[in-house]
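Please read these numbers as outputs of a predicted model, since none were measured by experiment. Letters A, B, ... mirror the listed sequences (proteins, then strands); counts begin at 1.
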Amino acid sequence: MPELPEVETVRRGLERHLNGQRIENVELRRPDLRFSFPEGFASRLKGRLVERIDRRAKYLLIRLDNGTTWMCHLGMTGRWTLLGANSTQGDDGKHDWVVIHLENGMRAVFSDPRRFGFMDLFETSEQGQNKFLAKLGPEPTPDYLTPMNLAENLRGRRTSMKAALLDQRTVAGLGNIYVCEILFRAGVSPRRTAASVASKLGITDRVTRITAATHDVIVEAIDAGGSTISDFVNVEGDLGYFSHSFQVYGREGSPCLSKACDATIRRIVQSGRSTFYCPSCQR
DNA sequence: AATCTATCCTGTTAGC
DNA sequence: TGCTAACAGGATAGAT
């Protein structure tokens, strides 16, 4: 499944192949994915030049030459594949919903079996008003996420730390796996309330540790994504390349990997999602 | 106002 | 062996 580093890898791959290319034709093979495509979607893309591609959280933002942005979210199983003019490789057909025909004869194919992905079009100048982007919190990188603004976003909230970090208004782009890993590295229990982590008095040790753990996990994951998936074309499967580094995710019943800890990783359900944590290391 | 729950979807896997 | 049920999860709408 595409996690943030894979979205970033896809961004780089799309940028490499789509930048400067004109969209010659767009095939829409169904009227919706997670949501309906916007009105006139295919015709509004047709004839446009791709200027560059940005990313915000897990959203791909494809900038077109007429001042519009084509937004794409990969959902759970969304994938872009670049195919040469005569190639059918990597094209399973069954879940290929959007086919972009480029001027140079290549095709960019969006497939998504579970259809949790979605696309949108908006005026780039009105990006701040886009409903998907408007409420997002800071990116999980040092330039944006600081102990100060994390503390502000947690202060007074009665919800659990797990739920607070999954909330895209707290930090943008974190998913279930990352939140589990971040809280383990920070040594903070996922069950602890946000309010107890960010005291009224100011920045706490826990806030500092969560901030640093977030920066580190994201950087490592992006590096792992970048090094493992070297070429975006014909990406192999959805297996988590970062998964070999998991300390807690999916390790229920296995020993904690911290030195001198003999506890067992536990799984609980919070907000309808699995949480993995070490009851001894995370307090 | 904040926070919880159900919903969407289907391939994979665990259990009987 | 073959069936069913649980599970995965981002973001939204609606309920509390």
**Q.** Toward the 5' end of DNA chain B, by each residue's nearest nucleotide, Arg273(A) or Ala163(A)
**A.**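 Mapping each residue to its closest nucleotide by heavy atoms, the 5'-most match is Ala163(A).
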
Expressed as a whole number of angstroms, how long is the span from [X]:[atom1] to [N]:[atom2]?
{"X": "Asp32(A)", "N": "dC9(B)", "atom1": "CG", "atom2": "C1'", "value": "11 Å"}
{"X": "Leu74(A)", "N": "dC9(B)", "atom1": "CG", "atom2": "P", "value": "19 Å"}
{"X": "His73(A)", "N": "dC9(B)", "atom1": "NE2", "atom2": "P", "value": "17 Å"}
{"X": "Leu166(A)", "N": "dG10(C)", "atom1": "CG", "atom2": "P", "value": "7 Å"}
{"X": "Phe116(A)", "N": "dT12(C)", "atom1": "CZ", "atom2": "P", "value": "13 Å"}
{"X": "Lys135(A)", "N": "dG10(C)", "atom1": "NZ", "atom2": "C1'", "value": "15 Å"}
{"X": "Leu136(A)", "N": "dT12(C)", "atom1": "CG", "atom2": "P", "value": "9 Å"}
{"X": "Asp167(A)", "N": "dT3(B)", "atom1": "CG", "atom2": "P", "value": "9 Å"}

Q: Report which part of the nucleic acid Ser271(A) touches: base, sugar-phosphate, or nothing (heavy-atom distance under 4.0 Å, all strands).
A: nothing

Q: Using a heavy-atom cut-off of under 4.0 Å over every strand shown, decide if Gly175(A) touches base, sugar-phosphate, or nothing.
A: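 The residue Gly175(A) makes sugar-phosphate contact but no base contact.
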
**Q.** Among dC4(B), dG11(B), dT12(C), the nucleotide that comes nearest once only the side chain of Phe35(A) is considered
**A.** dT12(C)

Q. Side-chain donor-acceptor pair under 3.5 Å between Thr141(A) and Asp143(A), yes or no?
A.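 Side chains of Thr141(A) and Asp143(A): no pair found under 3.5 Å.
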
Any side-chain N or O of [X] below 4.0 angstrom from OP1/OP2 of [N]?
{"X": "His95(A)", "N": "dC9(B)", "value": "no"}
{"X": "Arg267(A)", "N": "dA8(C)", "value": "yes"}
{"X": "Tyr59(A)", "N": "dG10(C)", "value": "no"}
{"X": "Arg115(A)", "N": "dT10(B)", "value": "yes"}
{"X": "Thr77(A)", "N": "dG11(B)", "value": "no"}
{"X": "Lys131(A)", "N": "dA13(C)", "value": "yes"}
{"X": "Gln168(A)", "N": "dA11(C)", "value": "yes"}

Q.
I'd like to know if Arg114(A) reaches the base of dA8(C) with its side chain, counting only an N/O donor and acceptor under 3.5 Å.
A.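 Checked by distance alone, the answer is yes.
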
Q.
Quick one: does any side-chain atom of Arg22(A) pair with a main-chain N or O of Glu24(A) as donor and acceptor, under 3.5 Å?
A.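 A pair under 3.5 Å: no.
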
Q) What's the shortest heavy-atom distance between Leu174(A) and Tyr178(A), and which atoms? A) CD2-CB, 4.4 Å

Q. Where is the tightest heavy-atom contact between Met161(A) and Ser189(A), given as atom of each residue plus distance?
A. CB-O, 4.1 Å

Q) Does Phe246(A) have its ring centroid less than 6.0 Å away from the ring centroid of Phe276(A)? A)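 Not under 6.0 Å, so no.
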
